[in-house]
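Structure first, commentary second.
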Protein chains: 2
Amino acid sequence: MAAATLAPVARVRTGESVLSRAVRIFDAFTPDERELAVSEIARRSDLHVATASRLIAELVSHGLLERGPDRQVRVGVRMWELAARASTTRSLRDAAMPYLEDLHAVVGHHVQLGVLDGDDVIFLERLSARDAVVNFSRIAGRLPLHISSSGLVLLAHGPAELRERVLAGPLDRYTRNTITTPERLRAALSEVHRQGFALLPGHVHEDATGIAVPVRDGLQQVVAALSVIVPNDERAATQVPALLAAARGVSRSLSAGAGRC
Amino acid sequence: MAAATLAPVARVRTGESVLSRAVRIFDAFTPDERELAVSEIARRSDLHVATASRLIAELVSHGLLERGPDRQVRVGVRMWELAARASTTRSLRDAAMPYLEDLHAVVGHHVQLGVLDGDDVIFLERLSARDAVVNFSRIAGRLPLHISSSGLVLLAHGPAELRERVLAGPLDRYTRNTITTPERLRAALSEVHRQGFALLPGHVHEDATGIAVPVRDGLQQVVAALSVIVPNDERAATQVPALLAAARGVSRSLSAGAGRC
């Protein structure tokens, strides 16, 4: 009985629940909702308003959250600084950036760099033209592996246990072209290995084609996917050589700069 | 007496000290030291190894920190995701990016975008050529306001109380050209207003000249500084028109896209 009443205190002592709650608070924000009222944050993070309010005040005091002029709350510059300053994806992004720029100048539309994180692809960088075709990915945004060309490249070269887990489903449908059966997914992954890229016409959005190629580090490990999103028409496949060349450039930079920032 | 023994428990209950410690742990990492041993993190963040170890394990369980194959600890992709996904500086950075690319293609060397945070300029973005002149700024890096051209632009257009605080010193010296007296700083700030840009030859490093111009939002408020770092020679000033034109472009994008992501 004594143990039962002590347990929650012990959890707070280790910081476990405080950090969990802080993560839930940050999770309340989205790219489209960058400013939220305290009551809305409390609702989304499933916290009592008083608890959320106290924790938000503490996060504001550290600069991890900021309050706007209208008392709305937003993610603070200090939070971004702590996350970005020593980010290990920074060297990858820095090595890739000149090649992304060149590719963007040639291809137009969207050029992006994605890495595996958990069961998703997360996009570290994206360059977009103003008049580009639709694209659902965003910087720091995620997509399920089975729907995106970047996801397919990362899955094809990723750990076997991840591949088996994704093949076991569920494989949600986004458009009528989305891969939703393990048989089609297995065939698509073989195709990535065979041809060296993934080309998915209309799998995320009917009007757009995603094309992705693997980026290898100095040890020939696939560490990222370089991709373009172009209109879903017969010219899409003509972009493959430029993508493959750019990926080689990034790999060469990664090999040359291994261990440097 | 009872109150004295209860106080620390109350602090832990509110999460105050857990978050403070977590911030100190993230502060242990630097752009040059992205992977650290637990004992080194404990030392830098002034925590007992057992305390640091427990908190690091908790941060790892949330993906905010990651462990490398050699048990070294690094900042996690999830931390970057939480910070970047809904960052309010993202819209500024996105609006500026095409103009930074154009400027970088024309000027070469380093092109960067900085904003005011506390008493520093913090750099949101930087494009660098491989053979560029030396530059001490980094993405998510900070510089004191009085030494950098971006800092001077932001200080000239910033809150009066910030200006008085910086003028009250101390003004640390970086090179023999650095502004270290309030009189010179006041004159330099007037010059920024008079000529519309800051040009500082050799103030951060003797071989480099920083040139910065203000970026205004739709309400004509200065929200950022756009800058180039070029060699410290007689041609530096020729870059000013390209910078001014690019800053106007960013401002126009910010006005057009106000409220959008």
Is it the side chain or the backbone of Leu124(A) that comes within 4.5 Å of chain B heavy atoms, both, or neither?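 Both backbone and side chain of Leu124(A) come within 4.5 Å of chain B.
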Using non-hydrogen atoms and a 4.5 Å limit, figure out which bit of Ala84(A) sits close to chain B: side chain, backbone, both or neither.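 Ala84(A) touches chain B through backbone and side-chain heavy atoms alike.
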Please say whether more than 12 non-hydrogen atoms of neighbouring residues, nucleotides or ligands are located less than 6.0 Å from CZ in Arg93(A).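 Counting neighbours around CZ of Arg93(A), more than 12 heavy atoms of other residues, nucleotides or ligands fall under 6.0 Å, so yes.
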Report which part of Thr30(B) has an atom under 4.5 Å of a heavy atom belonging to chain A: side chain, backbone, both, or neither.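 Contact with chain A involves the backbone of Thr30(B) alone.
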If you tally heavy-atom pairs under 4.5 Å against chain B, which of Asp117(A), Thr89(A), Leu64(A), Val115(A) wins?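 Going by pairs under 4.5 Å, I would pick Asp117(A).
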Who among Arg78(A), His104(A), Glu33(A) has the most heavy-atom pairs with chain B under 4.5 Å?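 Maximum pair count with chain B is reached by Arg78(A).
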Result of checking Val121(B), Val153(B), Leu154(B) against Leu116(B) for side-chain contact (heavy atoms from CB on, under 4.5 Å):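 For Leu116(B), the side-chain contact (heavy atoms from CB on, under 4.5 Å) check succeeds only for Leu154(B).
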Could Arg85(A) and Asp27(B) be called an ion pair, given the rule that one side-chain N must be under 4.0 Å from one carboxylate O?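 Salt bridge between Arg85(A) and Asp27(B), a charged N being under 4.0 Å from a carboxylate O: yes.
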Does Leu65(B) reach the side chain of Phe29(B), with side-chain heavy atoms less than 4.5 Å apart?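 A side-chain contact exists here, since the closest heavy-atom pair is under 4.5 Å.
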Looking at Glu35(B), Arg74(B), Glu66(B), which one has more heavy-atom pairs under 4.5 Å with chain A than the rest?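 The answer is Arg74(B).
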Check the side chains of His109(B) and Ser128(B) for a donor-acceptor pair under 3.5 angstrom, ignoring hydrogens and angles.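 Checked: Ser128(B)/His109(B) side chains show no N/O donor-acceptor pair below 3.5 Å.
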